[in-house]
Amino acid sequence: MPYSAVSLFVLPHTRGSSHGQTRIIRKAYQQDFYTHMMEECYELWAQLEREAGVKLYRQTGLLVMGPEESQGYQMIKNTLQKNKVPIEILNRDNFSQHIPNVNLALGDGAMVDITAGVLYADRALKTVQRQFEKLGGVIRDNEQVTDVKPGPVVTVTTSAGVYRAKSVVVTAGPWANRLLAHTGLQLPLTVVKINVCYWKEKVPGSYNVKQRFPCFLLTEFEETKDIYGLPSNEYPGLMKICYHGGSETNPDQRDKTTNRSDIDILQRCVACCFPGLVPEPAVVESCLYTLTPDHHFVLDCHPSHSNIVFGAGFSGHGFKFGPIIGKLLCELVLGEVPSYDLSPFRIRRFQDKTKSAL
Ligand SMILES: Cc1cc2nc3c(=O)[nH]c(=O)nc-3n(C[C@H](O)[C@H](O)[C@H](O)COP(=O)(O)OP(=O)(O)OC[C@H]3O[C@@H](n4cnc5c(N)ncnc54)[C@H](O)[C@@H]3O)c2cc1C
């Protein structure tokens, strides 16, 4: 039987977590294990670009700003330095020469993760799907999985038929727990709605990718969560800036959630740090994060059925890891030793928070 991938919606769709034109790719992380994985991940994205003859990555650098003495900022700096990732540390005197149109807050440090950049997300999904089909895989969209029956042969029932397979990989994003419920497992996942905000440049082009304006990560603003952004590129004259959090929602009724308190924070941040942007979003779109309690991914085998493997809870930062996540899930299915230590991603870390009826 060929490898099959089933998607609930007609592809491409905007109902989950992977839509939109751009995502940030970076090695700047607080934890070494992500930075280590990203080394290989950059190579895998480049390999995909070569094989498909498509450009998926544009280097822009990632400007990291945050209170210089804070734990979050220092951990990222240490990880980058320890792993010899090329960075440039900026100081107050040379900051505006390197990064025009941004105000560095008093007490904030700034550094640039030089190899970071933008991944063309929509294009990347299309490319992966095309390569999968080229290799003999079959994609069935607009087909809902309605049951997963564990056993030595797993039986997957969908709105269109029944499949039997030696192994099954579940990567259902915000709907992960709905599918895993059929196997008696529930993960501690929270689905939140993200307001994806685009901000108008007062002078067109001043934050443009062509002017080499970088992506950015603000590790703290008003002592709240991260704020991140990408240079204007996908919509002419608009820069994407988002708050790394949102309100809990039901993925089937996402737009019923109308909380805009994150947008208030973003407006204050834009007014304070980005004087060249109109501090009111010109466009607001929606996307979903599926959060774990520690914001680390879940990559594991089912505790009672080792031929059911799952990847879930990508907590708003999983896109860039796509190729390596695919490789690791494949190793789990084949019973091979995973290429990386998976202990940060195993479900046993949740212990009392994981409900298994089996
Ligand atoms: C606003 C925003 C910005 C982000 N920025 C970044 C970034 O800069 N860098 C980065 O690395 N990451 C980023 N992320 C995170 C990244 O996009 C996600 O981690 C990633 O897209 C998660 O993919 P997924 O496959 O788990 O979920 P999804 O893309 O939602 O896919 C789940 C799939 O499961 C299918 N499905 C569900 N239930 C069923 C069923 N019953 N039957 C059949 N199919 C089913 C759905 O059709 C869907 O296609 C961002 C996310 C958002 C929302």
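Just so it is clear, the structure is predicted and the values come from calculations on it, not from any experiment. Just so you know, ligand 1 is whichever comes first in the structure, and atom 1 is the first atom listed for that ligand.
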Same apolar cluster: Val196 and Phe314, side chain cutoff 4.5 Å: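 No, Val196 and Phe314 fall in different hydrophobic clusters.
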For [atom], state which one of [options] supplies the nearest heavy atom.
atom	options	value
atom 32 (C) of ligand 1	Ser18, Gly16, Ala172	Ala172
atom 7 (C) of ligand 1	Val192, Ile24, Val6, Val191	Ile24
atom 2 (C) of ligand 1	Phe319, Trp175, Tyr228	Tyr228

Taking only heavy atoms of [X] into account, list the atoms of ligand 1 that are under 4.0 Å away from them.
X	answer
Phe314	19 (O), 26 (O)
Thr171	32 (C), 33 (C), 34 (O)
Leu288	53 (C)
Phe9	47 (O)
Pro174	30 (O)
Glu143	42 (N), 43 (C)
Val196	1 (C)

Return the orientation label for the [X] and [Y] ring planes: parallel under 30°, perpendicular over 60°, tilted otherwise.
X	Y	value
His305	His302	tilted
Phe33	His296	perpendicular
Phe345	Phe297	parallel

Any N or O of [X] that comes nearer than 3.5 Å to an N or O of ligand 1?
X	result
Leu8	yes
Tyr289	no
Leu11	no
Gln144	no

Could you find the nearest protein heavy atom to [atom] and give me its residue, atom name and distance?
atom	result
atom 22 (C) of ligand 1	Ser17 CB, 3.7 Å
atom 47 (O) of ligand 1	Ser7 OG, 2.9 Å
atom 53 (C) of ligand 1	Cys287 SG, 2.3 Å
atom 27 (O) of ligand 1	Gly173 CA, 3.4 Å
atom 40 (C) of ligand 1	Val145 N, 3.7 Å
atom 5 (N) of ligand 1	Arg23 CD, 3.2 Å
atom 14 (N) of ligand 1	Gly316 O, 3.3 Å

Charged N-O contact under 4.0 Å between [X] and [Y]:
X	Y	result
Asp300	Arg346	yes
Asp252	Arg178	yes
Glu49	Lys55	no
Asp147	Lys149	yes

Which heavy atom in [X] sits nearest to a heavy atom in [Y], and how many Å separate them?
X	Y	result
Leu328	Ser339	CD2-N, 3.9 Å
Leu63	Ala110	CD1-CB, 4.1 Å
Arg130	Val54	NH1-CG2, 4.5 Å

Ring-face cation of Lys200 near Tyr235 (centre distance under 6.0 Å, axis angle within 45°):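 Lys200 over Tyr235 ring: no.
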Cation-aromatic face contact Arg92/Phe95, 6.0 Å, 45 degrees: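 Ring-cation test returns no.
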Stepwise side chain to side chain contact (heavy atoms under 4.5 Å, CB included) check, Glu40 with Lys327: CA-CA 11 Å; Glu40 186 182 350; Lys327 178 176 170 179; 2.6 Å; yes
Should [X] be listed as contacting ligand 1, given a heavy-atom distance under 4.0 Å as the test?
X	result
His19	no
Cys242	no
His13	yes

Separation between CG of Asp122 and OG of Ser18, rounded to the nearest 0.5 Å: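 One finds 9.5 Å between CG of Asp122 and OG of Ser18.
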His317 contact mode with ligand 1 (heavy-atom cut-off under 4.0 Å):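 The answer is the backbone of His317.
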